[in-house]
Amino acid sequence: MATVAEELQRSRKTKKVEDVGSIPQWKLMVRRFRQSRLSVVALGVLLVMYTLMILGDFLAPYPHDTLDSNATFTPPTQLVWGPEGLGVYGLKQELDTEKFQWYYTTDTSVIYPLKFFVPGYEYRLFAIIPMNVHLFGIDTPGDVDQKVFLWGADKEGRDLFSRVMKGAQVSLTLGFVGVLLSVTIGSIVGTASGYFGGAVDNIIQRMIELIRSFPDLPLYMALAAALPLNVPVLVRFFLITIIIALIGWTGLAREVRGKVLAFASADYTNAALAAGASHWYIITKHLIPNAMSHIIVVGMLAIPGAIGLETALSFLGLGILPPAVSWGVLLRDAQTIQAVVSYPWLLLPVACLIIAVLSFNLLGDGVRDAVDPYG
Amino acid sequence: MSESTTQTNSVAAALVSEDDVIRVQDLRLNFYTNLGVVRALNGVNFNIPRGKVLGVVGESGCGKSQTGLAIMQLTPSVGRYEAGQILFREFASKEPVDILKLDKNGPDMRKIRGNNISMIFQEPMTSLNPCYTVGAQIEEAILLHQTQDKTESRKRAIDILQKVGMPNPERIADSFPHQLSGGMRQRAMIAMALSCTPTLLIADEPTTALDVTTEAQILDLMRDLQNEIGTSIMFITHNLGVVAQMCDEVVVMYLGRVVERAMIDDLFYDPKHPYTIMLLRSIPRLGVNRDMRLESIKGSVPDPYSQVNGCPFHERCPSAIPGVCDTIMPDEIFVAGSQTHTVRCHLYT
Amino acid sequence: MLNYVLRRVVNMVVLLVVVSFVGFWIIQLPPGSILDVQINRLRQQGGNLPEAQIQALRERYGVDDPFLIKYWKWISRSVQGDFGTSFQTDQSVGERIFNRLGISLGLSLTALLFTWLVSIPIGVYSATHRYSIPDYVITFIQFLGLSIPGFLLALILLIVAAQLWNQPIGGLFSPQYADAPWSWGRFVDFVQHIWIAVVVLAVGATAGLTRVMRANLLDVLNMQYVQTARAKGLKEGIVIWKHAVRNAIHPLVMALGTLLPALVVGEALIAIILSMPTIGPLYLDALRTQDMYLAGTILVMLSALLLIGNLVADLLLAWVDPRVRLE
């Protein structure tokens, strides 16, 4: 009584009277999930972020690695309403000879119009369709070399917005894939360990114990440092994913093993065996559905950590390496107080990272509460 | 509604003896949850005379435990008392206090808890704190209510442990709960509950989790101690056999209402309410024809979130009168010719 | 009990041997060594080492030895307290590590203390006021704390401290105190330098532990013995703190084992921003320059710290919980 009552206090207003017992389990989960509004918002935010990430090349006006010495540390471009609709003022780069800093003055006499669906660099949409159309760009006369920097430019004059879009493709997927992999390993190894027992179990348990005897971040760092440097970005991406998975699976494997052991001695297993069910049948029909929700929750809660890990490794120069970009690589530009005070827009990738990690944390929490309200 | 309430109260008032430790009048308790409102208690009336044992019987979810918790003001925080009084009188000469009027966690209520009214719970395995010794947990209550002196409290704790039949009270006092068996833990709980010689002991299914022999020992012990100390006991149980062994008087509860109350003999030999009758028929008995099937009550307790019109039992009642039982709530009335036996059923109006 | 501790210690030593083996193997995986890095640098500066001298250096550092011999050389010396000589600075590894490990450990312990002092009361409040507005606020701040990278927080605090309070930035001491003997002034200066690191280190851990404390306490509050304690007439505060919190505190004790090394390493990123001479940046540097003896030793020492932390946590747990103690 107490638990039900405690759990349900939050919406006193609900007056619905219906037979709670007749609602299917997943519907109850959805209903419980929708009650944690922050989690619902987080889910929405993540959907938007991943959509933007997929459309990244289309949205980004410039390649992420185009250097432009005339645009060093250009502040975010201000959009104005001109005669031809949205546009940007002309910019003039000047050198402050006292501080040795470039600064920019706007020339309000000219407005370069902002154009939509303009041709630009070549890319493949969804990694398949070759395209060169981009959402926006500005139209300048041939002799003026000016760009639109929605989020400003970095030291090399690269468009930060384009870089964040490109970096998202690494940062938002690497952690995800890493967790997927580690959850898969963890569940399989854990099931095997619990199911076979004996020597197999013993070896696996010793292995887990060994891996857990290393402090995790230093181990990740050592492994990442051992990766070959001269490989394509995609290969490095997968190598780091594998590193994340190789260490991350141990916790889940232990939990799954525990579940399998408990399950092996559970009454319903004996009942099923007595009724003539095979082990395979029991595993697929009873154990997996039983453990699945738990595994999903553990995975969800691990994603923000994995994203943070990639960022940390890249920040330390051990993860994704320039010229490739990830959010962690972008953070390297924002590590000195001088940079942040003078060019605060360099923190925009950090903001993206925080929003993504925060959303994953909130989502994971909501899912856990929905799936396992008393756990 | 209001009319019936007053009438009920008048019946209850007629029943009240002069020296009651507890008088519960028209107690209504709702739980506000996000699946709806649970009406846990819907006007509960009973009283416990000084030095007597009152049995409270019913199925799970009928509100018997919540009634006990309400007397202690330990209702979960989502619960709200909608109406009613719980009058507690420590001595015959003392003015009664309405427990529900006291601040839930205020000093007056805390002075009553553990000192004047104490409680034993169903699960002896979890009702003692695993981090402290049994002795320390008993002494805690004594130090709180009886004496400030540590050696004195220790002495009293060991005394009471001896009284509840612990073979080696000093050693038990220094043991942690997980080192004791279920029966021993329940004895320790009883010792803790009786350590301040309370006026009322609320025993919420104290033997349900124990095996039958241990149950018998614990019941004997409680009966003996009750005779010795003179504590009144509110004995909550779903086991009618235990009721027969322990109680002077019984109330039967169904869906947050008292449906029948009677002296112990009246209940067993002359049950009136169909629910009580069916409860009694569902107990196996010696000497009864072996071929006779044991009866069960068809259906189950209605969903707690819904509200049933009329008598809450009519859906399961074999003698329900169509058009009456499913529309009008019966009042609590005296069984003809009795001053102690009441029933809430249209069959007897 | 003594038996148990002994068994644990033996197990720990065995694990450490395996850890050192595996750890050293990982560290020496990348091809090349710091010697190549150094020689290249020399060449770039215009100097050139005679082949014979290079060969001498290679032999001295055992660069070309097979793995097992390298490992044996390193581990056998380590056991004798000689951790080898860092390639990079020619300083003894032991000296370089211990200086910095001391600072790291001190910082982390302070952060851990801070974590406990903050997360227990807040977790308790959050659990006992579940679904109230303050609980929601605390929950949101927790998630924010979990989600903000430590170095960013360090950066923000640095800016705030520097711009608003005109506080010194970076390092452990201001120049005038760097070599001075301990005095009140030096202590204040020290605190001004390290508080950001302590706070930043503690924030993530505090956010996590507060959450755990809240969840655990909520479980414990549903336990029968909490009701028993209330039924005795104890004050709600005593019920919560003496009876409930004591039973909910296990994960916080266990955190000692896992958090301490995590904190020690977690400051790697922060220390870079705050330019503090701690173990994190040293480890990172050793990895980058393939200074394998230095990196290997740090990795093994951190593992030792983790294992010792776990042991201490288990002993503390036995002290807190009689069920563990008497098993």
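The shown structure was predicted, so the numbers you read here are calculated from the model rather than taken from an experiment. Just so you know, these numbers use all the heavy atoms, side chains as well, and skip hydrogens, waters and symmetry mates.
No part of C:Asp135 comes within reach of chain A, as not one of its non-hydrogen atoms sits under 4.5 angstrom from that chain. Neither the backbone nor the side chain of A:Ile307 comes within less than 4.5 Å of any heavy atom of chain C. There is no contact between A:Arg206 and chain C, counting heavy-atom distances below 4.5 Å. When heavy atoms are compared at a cutoff of 4.5 Å, A:Leu219 approaches chain C by way of both its backbone and its side chain. Residue A:Leu227: no heavy atom, backbone or side chain, is found under 4.5 Å from chain C.
When A:Ser213, A:Ala226, A:Ala225 are compared by the number of non-hydrogen pairs under 4.5 Å with chain C, A:Ser213 comes out ahead. Per-residue counts of heavy-atom pairs under 4.5 Å with chain C were compared for A:Gly308, A:Gly305, A:Ser359, A:Ala222; the largest is that of A:Ala222. Contact count against chain A (heavy-atom pairs under 4.5 Å) is highest for C:Leu15 among C:Leu144, C:Leu15, C:Leu307, C:Thr139.
Between C:Arg288 and C:Asp285 there is no salt bridge, since none of the side-chain N atoms of the basic residue sits less than 4.0 Å from a carboxylate O of the acidic one.
Side-chain contact check for A:Leu301 versus A:Asn361: every heavy-atom pair is 4.5 Å or farther apart. Between A:Glu209 and A:Arg212, the closest side-chain pair of non-hydrogen atoms is not below 4.5 Å.
Between the A:Trp327 side chain and the A:Val164 main chain, a donor and an acceptor come within less than 3.5 Å of each other. The backbone N or O of A:Val329 lies less than 3.5 Å from no partner atom in the side chain of A:Ser314, so there is not a single donor-acceptor pair.
Side-chain contact check for C:Thr228 and C:Gln224: no donor-acceptor pair (N or O, by modelled atom type) lies under 3.5 Å.
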